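Below is one structure, written out as structure tokens; comments come after it.
Small disclaimer: the values here were computed from a predicted structure and weren't measured. Sequence lines set the chain letters: A, B, ... in the order given, protein chains first and strands last, and positions in each chain run from 1.
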Number of protein chains: 2
Amino acid sequence: MKKIDCDTCEELCEHPQAICLAKTDLIPEDKAQRVADLFKILGDTTRVKIIQALSKRELCVCDIAAVIGMGQSATSHQLRTLRNTRLVKYRREGKMAWYSLDDEHIEGLLTQGIEHVEHD
Amino acid sequence: MKKIDCDTCEELCEHPQAICLAKTDLIPEDKAQRVADLFKILGDTTRVKIIQALSKRELCVCDIAAVIGMGQSATSHQLRTLRNTRLVKYRREGKMAWYSLDDEHIEGLLTQGIEHVEHD
DNA sequence: CCTATGTATGAATACATGTTCATATAAAAT
DNA sequence: ATTTTATATGAACATGTATTCATACATAGG
């Protein structure tokens with residue numbers, strides 16, 4: 001370990017140059033957090049199924065529950081999560097709520113993820 | 001609620017046709033699980049930083065720890081997770097372990113995620 | 001050999017999260 | 001008005017997971 005002098009890495013470390021460069025290129029904390037939060041939403045089987053189902057057609061809550069094989073409450077809770085992160089939107093029609101994808105990009109992400117697991 | 005007769009949806013439900021179609025199109029359980037597992041790996045700030053750093057250059061464990069600002073142990077634990085899911089590989093050189101991305105696709109996924117959060 | 005260093009790992013802890021249950025809200029139907 | 005139906009939500013519970021601490025392992029150097 002040696003002391004080095006560097007704009008972004010002024011500490012004891014093993015490979016100061018590599019660390020300096022890597023620190024310069026490193027994704028900022030807040031952006032890393034938002035990226036992780038986005039992927040966290042997609043990191044749940046139930047939500048993957050909901051998003052995939054909604055990418056094909058608009059569905060109401062009880063239909064989503066029937067399709068993915070979960071209870072109404074669990075489905076509603078997950079839809080709230082997806083609403084809060086602006087991944088789905090809904091319109092009310094009488095007592096029913098019709099859900100659809102809010103963000104067209106999310107379908108691309110999901111598709112890429114699916115392709116990734118298929119490529120093994 | 002009415003009883004309907006349908007290949008994939010033979011039960012009581014509200015919009016049997018929509019449910020039948022959606023069930024037919026639905027991603028299979030095991031594939032949804034693998035997709036969610038993949039995204040789950042990306043759904044952590046520390047791992048996002050590690051993957052992003054490794055997408056630029058090969059780094060050893062203590063350098064990664066220094067770059068992302070975490071302890072050696074925590075870093076090593078996360079690297080194990082990334083190894084087990086075949087997202088990173090490593091080569092040993094003396095007592096050091098040099099890590100790099102194992103899967104070139106993963107960088108694309110990360111990039112798309114970053115673009116997504118930038119697009120707000 | 002013995003020590004120092006880089007890395008890995010098991011156990012413990014703290015924290016987050018998904019589902020269920022019970023219940024609330026709100027609109028439609030009787 | 002009362003009941004039924006669709007959805008939302010709070011609380012409780014169980015499970016999963018990220019980090020830390022202590023320690024083990026392995027390699028290099030004296």
### Query
Out of dT19(D), dT7(D), dG10(D), which nucleotide sits closest to the side chain of Ala97(A)?
dT7(D)
### Between C1' of dT17(D) and CE of Met70(B), the distance in whole Å
13 Å
### Query
Considering only heavy atoms and no angle criterion, is a donor-acceptor pair shorter than 3.5 Å present between the side chain of Ser73(A) and the base of dT19(C)?
no
### Task
Could you state the atom-to-atom distance from CE of Met96(A) to C1' of dT4(D) in whole Å?
14 Å
### Task
Please report, rounded to the nearest Å, how far the C1' atom of dT17(C) is from the CG atom of Leu42(A).
16 Å
### Query
Will you find, in the side chains of Thr45(A) and Gln33(B), an N or O donor that is under 3.5 Å from an N or O acceptor?
yes
### Task
Output the single nucleotide from dT19(C), dA8(C), dT17(C) whose closest atom is nearest the side chain of Lys40(A).
dT17(C)
### Value in whole Å for how far the P atom of dT19(C) lies from NZ of Lys49(A)
9 Å
#### Entry: Full working for side chain to side chain contact (heavy atoms under 4.5 Å, CB included) between Val88(A) and Leu54(A)
CA-CA 9 Å; Val88(A) 306; Leu54(A) 291 180; 3.8 Å; yes
### Polar side-chain contact His77(A)-dT20(C) base: donor and acceptor under 3.5 Å
yes
### Query
So, Lys40(B) and Asp44(A), do they make that salt bridge, N to O below 4.0 Å?
no
### Message
Check Glu29(B) with Lys31(B), please: is the shortest side-chain N to carboxylate O separation under 4.0 Å?
### Response
no
### Task
Quickly work out the Ile50(A) CD1 to dT7(D) C1' distance and round it to whole Å.
14 Å
### Query
Can you tell me how far P of dA6(D) sits from CZ of Arg91(A), to the nearest Å?
16 Å
### Query
Heavy atoms under 4.0 Å, any strand shown: does Thr46(B) hit a base, just sugar-phosphate, or nothing?
sugar-phosphate
### Query
Taking OP1 and OP2 of dG6(C), is either one under 4.0 Å from a side-chain nitrogen or oxygen of Tyr99(B)?
no
### Message
Return a single string for nucleotides 23-30 of chain C, one symbol per nucleotide in 5' to 3' order, where B is base contact, S is sugar-phosphate-only contact and - is none, cutoff 4.0 angstrom on heavy atoms.
### Response
----SS--
### Message
Looking at Tyr90(B), I'd like to know whether one of its side-chain N or O atoms comes within less than 4.0 Å of OP1 or OP2 on dG6(C).
### Response
no
### Task
Taking the side chain as every heavy atom from C-beta outward, state whether Val61(B) and Met96(B) have any atom pair closer than 4.5 Å.
no
### Summary
Separation of dT19(C) atom P from Ile64(A) atom CD1, nearest Å, is 14 Å
### Query
Does the side chain of Ile41(A) come within less than 4.5 Å of Leu82(A)'s, by heavy atoms?
yes
### Task
Provide, to the nearest angstrom, the distance between the CZ atom belonging to Arg80(A) and the P atom belonging to dG18(C).
12 Å
### Query
With distance as the sole criterion, is a donor-acceptor pair present between the side chains of Arg83(A) and Tyr99(A) under 3.5 Å?
yes
### Task
Consider the side chain of Val61(B), meaning its heavy atoms from C-beta on, and name the nucleotide among dG18(C), dT7(C), dT9(C) that approaches it most closely.
dT7(C)
### Query
Nearest to the side chain of Asp44(B), which nucleotide is it out of dA18(D), dT7(C), dG10(C)?
dA18(D)
### Pairwise 5' ranking along DNA chain C for Leu79(B) and Gln78(A), keeping only the more 5' one
Leu79(B)
### Task
Answer yes or no: is there an ion pair linking Glu118(A) with Arg34(B), defined by an N-O contact shorter than 4.0 Å?
no
